[in-house]
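Notes follow the structure.
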Amino acid sequence: MDFFFKIKTFLSNDQEYLFCNCCFLCNNYVIGDFDQTVLAESLKLSFDDLMMRLSNSKLIKVKYDEIDIVFDFLFEDINNSCLPTFNESFDGDFGIFCSIDEVEYLIVKKWGSSKLIRIKVNKKDYIKIIQNAIDKLNKEIIKN
């Protein structure tokens, strides 16, 4: 499993603000738009919010042939997303965690696509991946 949030940080021209680019790399998929520039502290807040939402959520058990219906239902509320919200890097992308036949998946729909991407990763590992991203951002924020 080689899943991670790719993060590149850089200072503004006046050296006052720390910006970053971010996306989620998993298997052959790129989730998010790495070309979008966001404030590093805003992205960190988005990750912190995601950690809180994941810690308070329960794994949804669905049958394989019901995933589209469940996804569309949960898509109605941004708070159901298992991706960072309220930042340009993941603007319009949406993800849910579910168990299909006792196997955990992050199911993602990218902005402008009708295709659901099924990423086999358990929630516990995904939380570690998010924590790694938070730790990287914290280190860069403190350094700068």
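Using a 3.5 Å distance cut-off with no hydrogens or angles, the side chains of Asn122 and Asp125 do pair a donor with an acceptor. A side-chain N or O of Ser46 and one of Asn87 form a donor-acceptor pair less than 3.5 Å apart. Checked by atom type, the side-chain pair Lys123/Ser57 shows a donor-acceptor distance below 3.5 Å.
Checking side-chain atoms of Asp93 against main-chain N and O of Trp111 turns up a donor-acceptor pair under 3.5 Å. At least one donor-acceptor pair closer than 3.5 Å links the side chain of Asp77 to the backbone N or O of Asn79. Side-chain atoms of Ser113 never come within 3.5 Å of backbone atoms of Lys110 as a donor-acceptor pair (strictly under, hydrogens ignored). Using modelled atom types, one side-chain atom of Gln15 and one backbone atom of Ser12 make a donor-acceptor pair closer than 3.5 Å.
Counting heavy-atom neighbours within 6.0 Å of Phe73 CZ, excluding the residue itself, gives a total of 12 or less. Sparse packing is recorded around CG of Asn28, with 12 or fewer heavy atoms of other residues, nucleotides or ligands lying under 6.0 Å away. More than 12 heavy atoms of other residues, nucleotides or ligands lie within 6.0 Å of CG in Asn56, so this atom counts as buried by the packing criterion. Residue-environment remark: CD (Glu41) stays at or below the threshold of 12 foreign heavy atoms within 6.0 Å.
The minimum heavy-atom distance linking Phe71 with Gly95 is given by the pair CE1-CA, 4.4 Å. The two residues Pro84 and Phe90 make their nearest non-hydrogen contact at O-CB, 3.5 Å. Ile127 approaches Met51 most closely through the heavy-atom pair CG2-CE, 3.6 Å. The two residues Cys20 and Leu43 come nearest to each other via the heavy atoms SG-CD2, 3.5 Å. Contact between Asn80 and Ile96 at its shortest, heavy atoms only, is O-CG2, 4.2 Å.
Residues Ile100 and Phe75 fall within the same hydrophobic cluster, defined by Ile, Leu, Val, Met, Phe, Trp and Tyr side chains chained together at heavy-atom separations under 4.5 Å.
With values rounded to the nearest 0.5 angstrom, Phe47 atom CZ is found 11.0 Å from Lys136 atom NZ.
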task: Test Leu18 against Glu140 for side chain to side chain contact (heavy atoms under 4.5 Å, CB included), laying out the working first.
output: CA-CA 8 Å; Leu18 185 65; Glu140 292 297 318; 4.0 Å; yes

- request: Report the C-alpha distance between Ile31 and Cys26 in whole Å, list the side-chain angles of each, state the deciding distance to 0.1 Å, and finish with yes or no for side chain to side chain contact (heavy atoms under 4.5 Å, CB included).
  value: CA-CA 8 Å; Ile31 310 300; Cys26 50; 4.2 Å; yes

message: If you apply the rule salt bridge (charged side-chain N to carboxylate O under 4.0 Å, His left out), what do you find for Asp68 with Lys109, and how did you get there?
response: CA-CA 10 Å; Asp68 289 326; Lys109 184 185 283 187; over 6 Å; no

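Taking the ring centre of Phe34 as origin, the terminal cationic atom of Lys6 falls inside the region bounded by 6.0 Å and 45° from the ring axis. For the pair Arg118 and Tyr64, the cation-pi test (distance below 6.0 Å, angle within 45°) is passed.
Salt-bridge check for Asp48 with Lys44: passed, with a basic side-chain N closer than 4.0 Å to an acidic carboxylate O.
When ring centroids are compared, Phe24 and Tyr126 come within the 6.0 Å threshold.
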